[in-house]
Every structure is written in structure tokens, then in C-alpha cells.
Protein chains: 2
Amino acid sequence: MNDVARAAGVSLKTVSNVLNDYEFIRPATKQKVLDAIAELGYEANLTARSLRSGKSRMLGLVLSDLSVPYYAELASRLMSIATGRGYRVLVEQSGAEAAHELSALQGPFRQLTDGLLFTPLALDAGTIAARQGTKPIVMLGEHITDPRFDLVTMKNSEAAAAITAHLLAGGRRRIAVLGAAAGDTTDSPGLRLNGYKQALEAAGVEFDPALVVQCDWRRDGGASAVVGLARSGVRFDAVFGLNDAIALGAMHELLIRGIKVPDDVAVAGFDDIDEARFASPSLTTVSPGMEEIAERSIKLLIDRIEGAEPAAGGVHVEAGFELKVRDSAP
Amino acid sequence: MNDVARAAGVSLKTVSNVLNDYEFIRPATKQKVLDAIAELGYEANLTARSLRSGKSRMLGLVLSDLSVPYYAELASRLMSIATGRGYRVLVEQSGAEAAHELSALQGPFRQLTDGLLFTPLALDAGTIAARQGTKPIVMLGEHITDPRFDLVTMKNSEAAAAITAHLLAGGRRRIAVLGAAAGDTTDSPGLRLNGYKQALEAAGVEFDPALVVQCDWRRDGGASAVVGLARSGVRFDAVFGLNDAIALGAMHELLIRGIKVPDDVAVAGFDDIDEARFASPSLTTVSPGMEEIAERSIKLLIDRIEGAEPAAGGVHVEAGFELKVRDSAP
DNA sequence: CGCCAACTCTATAACGTTGTATATCCTGTG
DNA sequence: CACAGGATATACAACGTTATAGAGTTGGCG
């Protein structure tokens, strides 16, 4: 910047002013500076700017694992949207472990970013509140529902109820739910299970805890849940995977066992990841409005970062959902 | 740091020295400083360190789109490995567009990182060489083969030949290739197509250009390629998707059309993404040693960053591969 | 006892930017 | 024609760290 100033015959600060669109600069001066910048190929040093301003124009994104398709798709959109707003996204994988989540919340990662998009899975609201620091945080997902925080979530119960109702409307009465424990009432598993129960009740179908199978929210989780169901001899005519990965893994296992989908057993998922459309048969699922979640959460976070207003209590955003009826449960 | 120095009764620089494991520090002094740090909850400011040292301990990763499963899985592993080496990974999506790749190569993104893991898809070697700057770059993928660069690749031809040979061994003679143009000889499509041709030749089967179908490297690309094949009336008894997404999309379309996999048509892919195992039927594919690619490329890049040695010509790493025989082509 | 060399610590000056306070230049008005 | 007051540009300090050079402080050895 010194060189530019010398080349343009102005002071250091004038160059800085040009770069920052300071109001009172004579067009001629501005042009001289811009010419010098172009000629020297000067680019402002972001680190120094960051040190001086205390801002990095980076947003932190904490999620369990980027190789999970839902998170990969979410991260991709968040990054694109942030770019449009002049921010970058720095991703941190927590592996859903409390220690990692805590270090993302407090450690160097936090220092590097102006605000956090946080998908906590292990930490509780109290711990987070105690260590949240001063920079803005927007919570993604359902693990935290404490109204003190800014929250961006999806309509878990409603969407789960809608897809369950769809299965019921198709004549299914024994709908296995994969990915929750029968007693769950919170977090994504609990909320989605609640929606399932509500839909059953609305249809006058009795809830059978034997149809609720806990498993990892991954393809192999869904597969082994089906193995477990088969082994236990429980009868079922539909499977509702609490996310698409579970549903796809379950469907895989069903087909291997010669069970026809959807003729013998209908399969439904949750998330509408890209893969769902191209599964065989294509997967009926519910799209939780990822685009809306991505846009609203970035906007909310950046508004907090740039806004003068002191966090006026938590804002709660709930994205809409859309049922995607496909071949696995027509 | 000033506060720590005051609390410990030493100079600023001594605190810095403790933090940087400077050799000549009396244990007692060191302890005093560490105590003061613990008591005050001090954490070093990374931005200032970065400004002073010229290093950010961040690696840049440029890829087309994080929502592509192969890239998501790669990014996830790269990040984990980098973390173990004390580095972070900052991801930039290029959308495979030259302008974006160029700005990742030259713009602020480059400034923020100590080195680049670059998956160019649009830029050519000359352009990159002309604008590569002074910080290390490791090329991923096959688009660039110029030996001046550090390259980490996979055995595209060999792996494609191996999987083609597997299809041939299964009695298939009319193997459609999806994802390349008949004349391709470079990049991933060309190299994999070459492997296919070599395997055909080795088996004495004639190459039929009508079996080579160009398509996007995505699920819908594979699906529409099958539509095209069916429309053109070309006979085929196997499909080799040049990546798993194509193969899965193609398989989906085949099944929709009542074509049995693998009885009527065998299907094989390339990449061994997680999804391949759980497709129905599970997808025969080739695993290109992603773990090895991730580890070697990080190591190579960090060695370049930290190494005193001036880039001693390009290092070329080729990861091994492994055939994964599953149900879609037993 | 004196002196060299190794050890331990410190004062100062950067890294490149921007905020604050201040200086200088206009322009139009009374 | 002086001068108020906005417009324009500048000097200086500061953000928090580390490199450099050098100042004490030991201890060993002749």
C-alpha cells in the first residue's frame, strides 16, 4: 500500500480511503490511486485488515461430518450464498463429539470467524450459553430449542406427520420407524417420531413401540435396522426412515431379502437428498426446505454480525417443507 | 499477551517465547508464564500471528462443487488429516468455471491460505503456470499432467481396464461407456476410456464408438444417457459409468424400464462412494484409493510449505486402486 | 581471579491496515 | 475581502504478534 501511495503521490491513508469508498475523495485523486493500484497489481492484505478491523469476513460452520450428503449439500449452498454476501465459510467437523463441539465454540476456530452456524449434537443449551462468547451464533437443527438463541429449523413434526399420513393414505397400517427410540421426544429423532405418532392418532391407528427401531442415521444403520426387524419377526408393511440415508439403507436391505418395494413394503425417507430421486425405486421423502434454511440462516447471522442492534432475544425461523411422492411409496 | 506478561512479571517477548517453545527458557519462568496464561484464559491472536509470520496454517481446497459425493468425501478426509497436522482447510467451489478457478488461484482466497489443493477442470497448465504465484500448489485429478507441477492422481486407465476386464470376464461383450466422447484421450474421461479400450483389445473385442455416450458426471447424466442409448436402438449388455453417480443414475433408468440388473445388463461405476455399497443392487465399482490420495496430497503440500527446499521439480503420486465386485456386475 | 561462552531475558521495531485527530484547501456568503 | 464551514487529504497511533539485536547472568577453565 505504501508503494501505491508513493506511485500515486498521495498518503497511505488516502489509498486506504479509496479502497474503503470514503466519501470525500476528489475523482481525480481516486483515479490516480486506482491507476497506481492497477499498475502495481496491488491487493489489500486481508490479514492486516482483519487484525485492524477485528473482522475476518468468515463464517464458521460446525457440523458433524461433511461426507454426510445432507450436510454436504447444505454446506455447498451455504457457501454459495455467503459468497454472494461477501463472506467465506470455514467448515469444522465435530464428529458429533462434545469435545470437538466445545473447541469449535471456544477455540481458535471461533477466533477466525465473525459468527457461527452451529449444528450442535452433543452439547446442551446451558453449556453453549455459558461459553458462547460475544460473537453471534445461529443454531441449525433441532438439538437446541432454547429461545435465547437464534434458531433456524425445519418443521420436523409437521413434515413427519405429513409423510406418515401419506403412507396411511396408501393403506399402510404397520409403519416401522427407523432412527429413533420409542421414548424420544426431542431433537430430530424425537420431533419426527412425534409427527409420526400424531399422524397415527389422527388416523385412529394404534402406536406400536415394537415398530420403532433405533439405529445410526446412516445407510448401514437403516440396513441393520431392517435386519433387526426381520429377526424379531415384527410384521410391517411400510418403513419410515427418519432420514434418507436410513431409508435408502433399509430399502437396500429389503430388496436384498426379496421383499418388494413398494408392493410388499413401502419406504419413505426425510431430507430429499439428491440421491433420493435416483434410487431404485426412487424414494418418497420430504424436502425440508434446505434452500430456505440456508438463505435465512446466512441472512440472520450476517445481520447479527453487521447489525448494530444488540441481540434482541432469539429469532426463530422455521422453514417450510414439501412432500415428494415417488415410487417407493406412491 | 501484555496482561500475561505483566501478570507473570516478564516481558512480552518472553511470553511469546514460551508459546513458541523457545529453547532457552528457565523452567521456573516458563511455569510462571503458563500459570498466568491459565489464570487469565489467554489465547494467542491468530490473525496477528498470521500477519507477523506470513503464514495462516490454512490450506486451500478448490473443487467444483461440494455437494458432489466424491468431493464431499474427499474434503471430509482432507480436513481430518489436515487437522491432525495442525492445519485447517478452507474450501472454495469453482463450479468448474475458468473465472472462478482463476480467482481461487490469484484472488483473496489464495492470500488466506499457505498452499493450495487444486482440482482444476477448466484452466490449462499454461495459464496456471503463468499465475501460480509463489505459494505451493498440489494438483488433484487428471486435468493437469504437466510434470512441472506436483500431482496426486489415481490409476485411471489401469482401474478402468480392470473393471472392464471384469465385465468381459462375466461374458459381457457390448459394454456401453457413459461419460466420455469417443475421441477423448485426456482428463478423467479420456484416461478411463483408454483403460476401457485397452481391456477390450486385450480380450480381442472390437471397440464400437456407438457404445460411447457423453453425459454429465451426475446421476441425471447417467439416466439420460441410458434414455439416449435406448432411443438409438444400440444393443448393450453392460454399462460402465465413468463415475458412480453416472452408473447409479443409469442403473436407476434401466430398472425403471424393466431392464434387469445384472441379468439383462450389468452395471459398473468408478469411485466407490459410500452410496455405491447401498444401492439396489449394490454397485460394482473401483475404489481409487481416496484415503491414500488424501494423505499423500496433504503431506506433499505441507512438506512444500514447511520445507526449506525449493520446489525440486514436480512430484507425481499415483494412488493404488481396488476392484469392488458387488451385485450389479458379479 | 578474570574472561570467554553459553544461557536467559528484554527493548524495539516491524508485519499492513484503519480510526482519530488535525491540517489544508476550497467555495460562497455577508 | 475576510471567513465560516464543508470538502479533501494527511500524520500518527494502534491492532497483537514475532524477529532482531543486544543486555545481563551464569558457570567453567586457565
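In what follows, chains are A, B, ... by sequence order, proteins preceding strands, each numbered from 1.
The pair B/Asp35-B/Lys32 does not count as a salt bridge, with every side-chain nitrogen at least 4.0 angstrom from each carboxylate oxygen. For B/Glu295 and B/Arg77, the salt-bridge test fails: no basic side-chain N is under 4.0 Å from an acidic carboxylate O.
First and last contacting nucleotides of DNA chain D toward chain A (any atom under 4.0 angstrom from a heavy atom, 5' to 3' order): D/dA7 to D/dG16.
Considering only heavy atoms from C-beta on, A/Phe118 comes within 4.5 Å of A/Ile128 through its side chain. At least one side-chain heavy atom of B/Leu34 sits under 4.5 Å from a side-chain heavy atom of B/Gln31. The shortest distance between side-chain heavy atoms of B/Leu19 and B/Ile37 falls below 4.5 Å. Under the 4.5 Å side-chain criterion, counting only non-hydrogen atoms from C-beta, A/Pro69 is not in contact with A/Asp274.
Using a 4.0 Å heavy-atom criterion, one finds that B/Leu12 contacts the bases of the nucleic acid, with or without backbone contacts as well.
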### Task
Just do the side-chain contact (heavy atoms from CB on, under 4.5 Å) check on A/Thr145 and A/Thr186 with the steps written out, would you?
CA-CA 9 Å; A/Thr145 53; A/Thr186 62; over 6 Å; no

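The structure places CG of B/Leu123 at 11.0 Å from CD of B/Glu97, a figure rounded to the nearest 0.5 Å. One finds the CD1 atom of A/Ile144 at 5.5 Å from the CE atom of A/Met139 (value rounded to the nearest 0.5 Å). We find the CG-CG distance between A/Leu140 and A/Asp150 to be 11.0 Å, quoted to the nearest 0.5 Å.
In this structure, B/Asn2 places its CG atom 11 Å from P of C/dA11, rounding to the nearest Å.
Taking the nucleotide of DNA chain D with the nearest heavy atom to each of A/Ser11 and B/Arg49, the more 5' of the two is matched to A/Ser11.
If you check residues 51-60 of chain A against DNA chain D, the residues with a heavy atom closer than 4.0 Å are A/Leu51, A/Arg52, listed by number. Contacts between residues 14-42 of chain A and DNA chain C, defined by a heavy-atom separation below 4.0 Å, involve A/Ser16, A/Asn20, A/Tyr42, listed by number.
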